[in-house]
Peer 1: 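This is the structure I have questions about; it appears just below.
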Number of protein chains: 2
Amino acid sequence: MSMTERTSRRERLRRATVAEIHAAVRGLLVEKGPAAVTINAVARQVGMSGPALYHYYASHEELVGAVTADFFRELATAMEQACAARADAPVGERILAACRAMRAWAISHPAEFGWIFASPITPSNRRPDSVRHQAAQRFERVLLDLTVELWQTRPFPVPGLADLPASLREQLTAYSATIDGRLPPEAAHVFLSCWTRLYGLLCMEVLHQLDFAYSDLEPVYEECLRDLALTLGLDHPGR
Amino acid sequence: MSMTERTSRRERLRRATVAEIHAAVRGLLVEKGPAAVTINAVARQVGMSGPALYHYYASHEELVGAVTADFFRELATAMEQACAARADAPVGERILAACRAMRAWAISHPAEFGWIFASPITPSNRRPDSVRHQAAQRFERVLLDLTVELWQTRPFPVPGLADLPASLREQLTAYSATIDGRLPPEAAHVFLSCWTRLYGLLCMEVLHQLDFAYSDLEPVYEECLRDLALTLGLDHPGR
DNA sequence: TAGGTTTGCTTAGAGGTATTAAGTAGACCT
DNA sequence: AGGTCTACTTAATACCTCTAAGCAAACCTA
């Protein structure tokens with residue numbers, strides 16, 4: 001009986017409080033914008049007074065990083081679920097589903113998605129062991145894993161490694177190593193190109209850098225997906 | 001004699017002070033990061049005390065917007081100069097020069113370029129009559145004007161308007177109108193696609209969203225330019 | 001079950017921020 | 001010469017992050 005509860009009562013309480021804090025942060029972010037997410041305001045929201053929060057986080061920055069990590073995880077989960085819902089479909093279809101899920105989450109959570117980008121990644125949050133970095137990496141892996149599966153089951157056309165500039169070749173080789181060689185440098189190049197276009201488009205939409213021309217980027221995103229499907233040699237992308 | 005000096009002594013002094021303030025802001029931004037750009041710190045730098053700055057700007061936000069506008073203007077000028085240096089070259093070559101100048105400025109002024117994006121565009125700075133918006137528009141026009149010239153002298157291939165989704169067609173038609181029809185909707189679509197890819201890539205580089213894979217995006221950018229040249233039907237893009 | 005430790009909070013306070021208000025010295029113009 | 005405008009000043013408000021010190025209750029252990 002006592003053995004089954006691995007988490008002590010204390011720890012459960014702590015977790016609950018942490019969850020409440022994160023919810024307060026998110027609420028403030030969504031309702032009053034990033035600037036409203038102050039230690040004091042968050043503390044007030046959860047019914048404690050200011051400095052109490054320092055028992056949970058060492059600094060404002062760490063709190064922000066932790067919540068940002070939440071958002072990354074939630075986004076990654078949304079993408080994974082979109083895939084899981086089509087577990088039997090061909091990889092190509094699941095890739096498109098994941099990409100659409102990414103934008104769907106971004107659109108329905110603009111404040112959260114905006115925070116992921118716009119909040120300057122402070123040096124401490126760029127450390128590989130930071131919670132934020134871990135969560136960001138998991139997010140990135142969703143599409144990477146799918147692309148690896150595609151590469152293994154139905155390889156897409158890639159440029160000759162010799163055709164790439166030397167500097168790029170080196171960088172791609174290094175990156176290929178960091179993903180344990182699951183994609184060779186040439187394939188990594190194609191993957192990164194697709195990733196960059198898609199993510200970049202979303203990034204600009206969220207940062208309102210395209211407002212001067214577009215009011216709704218859905219068709220633009222879909223066109224980008226068609227292009228991506230062509231590059232990866234997928235069957236008809238739907239829509 | 002008195003007629004020739006359109007600007008009174010007073011106004012000249014004011015301009016000098018404003019320039020000094022902007023220089024102080026920039027210095028703080030570059031040396032200590034965006035968070036160090038506070039009203040007080042800026043005032044200290046120029047040798048006045050805090051609230052004095054409110055005689056020049058109504059708020060911290062307005063000051064930030066004004067300096068951001070400076071950056072946009074400087075960036076636009078750098079691109080224009082790159083074109084002017086090749087005034088006799090074909091449009092295609094000038095387009096590529098402008099694009100390269102854009103990245104060159106971004107790389108040599110990372111703090112400034114980062115601020116252009118990362119600083120959340122507050123509602124007041126999104127108003128069409130804000131200094132920031134004006135300067136941003138001038139920046140956007142550099143490549144637009146070049147593309148218009150290309151379109152008029154050597155039209156590039158465009159998709160059929162009927163092939164585009166209705167929603168996109170409407171948006172493109174509206175945008176075409178805002179640029180006085182200098183590009184028809186189909187051509188505007190191609191222009192915006194190129195613009196989005198290029199600007200998005202730079203945006204992600206500056207926001208450190210690609211650090212996980214690349215250490216130097218120069219070859220990636222050049223590849224993007226080759227793609228762009230192909231899309232616009234330019235001759236060999238060089239490099 | 002008693003004692004010490006850990007946890008979660010409190011208030012007080014230092015030093016910073018943006019911004020407003022009120023007052024003053026001097027330049028400018030009539 | 002007198003009034004207005006400009007550029008600044010200091011004082012004050014209300015907020016911010018974060019540190020320090022202290023207290024009560026929960027927990028663990030002897």
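Naming: A, B, ... by sequence-line order, numbering from 1 per chain. Side-chain atoms are counted along with the backbone in the values below, which use heavy atoms only and exclude waters and symmetry mates.
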Peer 1: Identify, residue by residue, the members of residues 16-33 of chain A with a heavy atom below 4.0 Å from DNA chain C, and return them in order of residue number, or none.
Peer 2: none

Peer 1: Salt bridge check, A:E222 against A:R103: does any charged N sit closer than 4.0 Å to a carboxylate O?
Peer 2: no

Peer 1: Just checking B:Y199 against B:F139, ring centres under 6.0 Å apart?
Peer 2: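 Yes, close enough.
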
Peer 1: Considering only heavy atoms from C-beta outward, does the side chain of A:R197 approach that of A:D227 to under 4.5 Å?
Peer 2: yes

Peer 1: For B:Y57, report the nucleic acid contact type (base, sugar-phosphate, nothing); a contact means any heavy atom under 4.0 Å.
Peer 2: nothing

Peer 1: Anything under 4.0 Å to a heavy atom of chain A counts; send over the first and last such nucleotide of DNA chain D, read 5' to 3'.
Peer 2: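 The protein-touched segment is D:dC16 to D:dC27.
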
Peer 1: Answer with yes or no after comparing the ring centroid distance for B:F113 and B:F72 against a 6.0 Å cut-off, counting only values under it.
Peer 2: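 Centroid distance B:F113-B:F72: not below 6.0 Å, so no.
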
Peer 1: According to side-chain hydrogen bond (donor to acceptor under 3.5 Å, both in side chains), does anything in residues 173-183 of chain A pair up with another residue at least two apart or in another chain? List the pairs.
Peer 2: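 The answer is A:D145-A:R182.
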
Peer 1: Could you tell me whether B:Y214 and B:Y221 have their ring centroids closer than 6.0 angstrom?
Peer 2: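 That pair fails the under 6.0 Å test.
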
Peer 1: Only counting residues at least two apart or in another chain, list the ones meeting salt bridge (Lys or Arg N to Asp or Glu O under 4.0 Å) with A:E20.
Peer 2: none

Peer 1: Distance check needed: C:dT6 P versus A:E11 CD, whole Å only.
Peer 2: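 Distance, rounded to whole Å: 17 Å.
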
Peer 1: Less than 4.5 Å apart, any side-chain heavy atom of A:V64 and any of A:W115?
Peer 2: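 The answer is yes; the side chains approach within 4.5 Å.
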
Peer 1: Would you tell me if any nitrogen or oxygen in the side chain of A:R14 comes within less than 4.0 Å of OP1 or OP2 on C:dT7?
Peer 2: no

Peer 1: Report the residues that fulfil salt bridge (Lys or Arg N to Asp or Glu O under 4.0 Å) with B:E223, sequence neighbours left out, ordered by chain and then residue number.
Peer 2: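 Partners of B:E223 by the salt bridge (Lys or Arg N to Asp or Glu O under 4.0 Å) criterion come out as none, since no residue qualifies.
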
Peer 1: Side-chain contact test, heavy atoms from C-beta onward, threshold under 4.5 Å: evaluate it for B:N40 versus B:L53 and give yes or no.
Peer 2: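 Sidechains of B:L53 and B:N40: no contact.
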
Peer 1: Generate the contact string for nucleotides 15-28 of chain C. Rules: B means base contact, S means sugar-phosphate contact only, - means no protein heavy atom under 4.0 Å.
Peer 2: --SSBB------BS

